[in-house]
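When a residue number appears, it is its place in the shown sequence, counting from 1. Since the model is a prediction, treat every value here as computed from it, not as a measurement.
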Amino acid sequence: MKYIFISLLFIKCISITYVYGGDDCCRKIGKAKAALLEAIDTLQRTNRLLGETGSAIPSNKVAFHAKLTPHVTLGSTQTVIFDHVITNIGKAYNHHTGHFTAPFNGIYFFACTFLQTGTNVHLQIVKNSSEISKGHAQRGGAIAGSMNAVIYLHKGDVVKVRHYPGRGSETIHGDWSYFTGYLL
C-alpha cells in the first residue's frame with residue numbers, strides 16, 4: 001500500500017512537470033524523487049527490524065512460549081515437541097524438534113506446565129543430556145505438573161523437555177501443556 005501511494009505521488013509530480021514544464025520544476029522533482037527513494041529505504045529497514053512482532057526488538061532478546069496441541073503418548077526419554085509457537089523472539093526454539101538452542105551465552109529461565117490424561121506423567125527439562133529440573137503429574141482427575149529452572153547456557157547448548165528415563169508409556173494432554181524460556 002505504501003509503495004502504491006509513493007508511486008502515485010511520483011506520477012503526479014511527473015504530470016505536473018509535463019504540464020507546466022521548466023528546469024526549476026525538474027530539479028524539484030529530482031529532489032522529491034531522491035527523498036522518496038530514501039523514505040522507501042527507511043521503511044524497508046524498519047520493516048526488517050520490526051519482524052513478526054510489530055515493534056522493534058533488540059537483536060539480543062530471546063524468549064519463547066510454545067504449546068503442545070495433540071495428546072502425546074511418550075516413551076522413555078522421548079522429547080516433547082511443543083508444536084504451536086506463540087512467541088519466538090530470537091527464533092531459538094524449534095517447533096519441529098522441541099529443542100531450544102541458546103543463541104548467546106547467558107542466564108536463562110525455563111518453565112514447563114503439563115497435564116496428565118488419566119495416567120501418571122513424569123517429565124524433565126534437560127540441558128544437552130543432563131537433567132536440570134523434573135516434574136510429575138499424579139494419576140487422577142485433571143492433575144497438572146510443573147517444573148522450572150534457571151541455568152547458565154553457552155551459545156549452542158540445547159534445552160528440551162523429555163519423558164523421564166525408564167518410565168513406561170505415559171500420555172501428556174495437548175492444549176494444556178506449555179514450554180517457556182527466556183534470556184535474563
Side-chain angles (χ1 to χ4, degrees), residues 45-184:
R45 282 184 282 130
T46 302
N47 282 340
R48 282 191 298 273
L49 286 173
L50 294 177
E52 298 173 352
T53 64
S55 61
I57 296 174
S59 61
N60 65 345
K61 297 295 182 191
V62 178
F64 76 95
H65 183 61
K67 172 181 160 179
L68 177 69
T69 54
H71 288 22
V72 177
T73 300
L74 301 167
S76 183
T77 70
Q78 180 179 337
T79 299
V80 180
I81 299 173
F82 295 83
D83 58 311
H84 178 72
V85 175
I86 298 163
T87 302
N88 199 6
I89 299 166
K91 302 194 185 316
Y93 178 75
N94 183 322
H95 70 280
H96 298 293
T97 64
H99 294 183
F100 171 86
T101 304
F104 308 107
N105 293 348
I107 300 170
Y108 291 80
F109 171 81
F110 296 95
C112 178
T113 58
F114 53 96
L115 188 66
Q116 51 78 11
T117 61
T119 63
N120 290 320
V121 175
H122 298 81
L123 297 178
Q124 62 183 176
I125 299 175
V126 295
K127 170 189 154 191
N128 301 322
S129 59
S130 300
E131 179 183 283
I132 58 174
S133 186
K134 61 184 168 183
H136 172 247
Q138 183 67 38
R139 170 183 293 195
I143 304 293
S146 66
M147 52 190 167
N148 54 58
V150 174
I151 187 144
Y152 184 86
L153 298 178
H154 290 96
K155 180 179 180 177
D157 282 340
V158 173
V159 174
K160 63 184 179 181
V161 173
R162 73 177 185 189
H163 189 227
Y164 204 81
R167 303 306 273 180
S169 293
E170 297 176 336
T171 303
I172 183 172
H173 195 300
D175 286 332
W176 291 88
S177 302
Y178 295 86
F179 183 32
T180 299
Y182 54 86
L183 176 65
L184 295 175

Next on the checklist: Suppose we call two aromatic rings close when their centres sit under 6.0 Å apart. Are Phe82 and Tyr93 close by that rule?
Outcome noted: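 Ring-ring flag for Phe82/Tyr93: false, centres at least 6.0 Å apart.
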
Checklist entry - Does the ring centre of Phe109 sit less than 6.0 Å away from the ring centre of Tyr182? => result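 Distance test on ring centres: under 6.0 Å, yes.
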
Are any of the side-chain heavy atoms of [X] and [Y] separated by less than 4.5 Å?
{"X": "Ile125", "Y": "Ile151", "value": "no"}
{"X": "Thr97", "Y": "Thr79", "value": "no"}
{"X": "His136", "Y": "Lys134", "value": "no"}
{"X": "Val126", "Y": "Lys160", "value": "yes"}
{"X": "Asn94", "Y": "Thr101", "value": "no"}
{"X": "Ile107", "Y": "Tyr152", "value": "yes"}
{"X": "Phe179", "Y": "Val159", "value": "yes"}
{"X": "Phe114", "Y": "Leu68", "value": "no"}

Next on the checklist: So which atom in Ser169 and which in Thr73 form the shortest heavy-atom distance, rounded to 0.1 Å?
Outcome noted: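 Heavy-atom minimum between the residues: CB-CG2, 3.9 Å.
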
Checklist entry - What's the shortest heavy-atom distance between Ala137 and Ala144, and which atoms? => result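 Ala137 and Ala144 have their closest heavy atoms at CB-C, 3.8 Å.
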
Item to check | Stepwise side chain to side chain contact (heavy atoms under 4.5 Å, CB included) check, Val72 with Val80 | outcome: CA-CA 8 Å; Val72 177; Val80 180; 5.9 Å; no

Could you measure the distance from the [atom1] atom of [X] to the [atom2] atom of [Y]? Nearest 0.5 Å is fine.
{"X": "Ile89", "Y": "Phe64", "atom1": "CD1", "atom2": "CZ", "result": "12.0 Å"}
{"X": "Arg162", "Y": "Cys112", "atom1": "CZ", "atom2": "SG", "result": "13.5 Å"}
{"X": "Lys127", "Y": "Ile132", "atom1": "NZ", "atom2": "CD1", "result": "8.0 Å"}
{"X": "Gln116", "Y": "Leu123", "atom1": "CD", "atom2": "CG", "result": "11.5 Å"}
{"X": "Thr119", "Y": "Ile172", "atom1": "OG1", "atom2": "CD1", "result": "10.0 Å"}

Item to check | Test item: side-chain donor near acceptor, Ser146 and Thr113, under 3.5 Å | outcome: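 The answer is no; no qualifying pair exists.
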
Next on the checklist: Checking side chain to side chain donor-acceptor pair (under 3.5 Å) between His163 and each of Glu170, Gln124, Gln78, which is the one that passes?
Outcome noted: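 So the option named by the test is Glu170.
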
Polar side-chain atom of [X] near backbone of [Y] as donor-acceptor pair, under 3.5 Å:
{"X": "Glu131", "Y": "Ser133", "value": "no"}
{"X": "Ser76", "Y": "Pro165", "value": "no"}
{"X": "Asn120", "Y": "Arg139", "value": "yes"}
{"X": "Thr69", "Y": "His84", "value": "no"}

Next on the checklist: Apply side chain to side chain contact (heavy atoms under 4.5 Å, CB included) to residues Val62 and Tyr108 and explain how you reach the verdict.
Outcome noted: CA-CA 9 Å; Val62 178; Tyr108 291 80; 4.3 Å; yes

Checklist entry - Applying salt bridge (Lys or Arg N to Asp or Glu O under 4.0 Å), which residue pairs with at least one partner in residues 66-83 are found, sequence neighbours left out? => result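 Of all non-adjacent pairs touching residues 66-83, those that pass salt bridge (Lys or Arg N to Asp or Glu O under 4.0 Å) are Lys67-Asp175.
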
Checklist entry - Arg167: what forms a side chain to side chain donor-acceptor pair (under 3.5 Å) with it, not counting sequence neighbours? => result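 In terms of side chain to side chain donor-acceptor pair (under 3.5 Å), with neighbours along the sequence ignored, Arg167 is linked to His122.
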
Checklist entry - Between Asp157, Val158, Leu153, which is the residue that forms a side chain to side chain contact (heavy atoms under 4.5 Å, CB included) with Phe100? => result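 Among the candidates, only Leu153 passes.
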
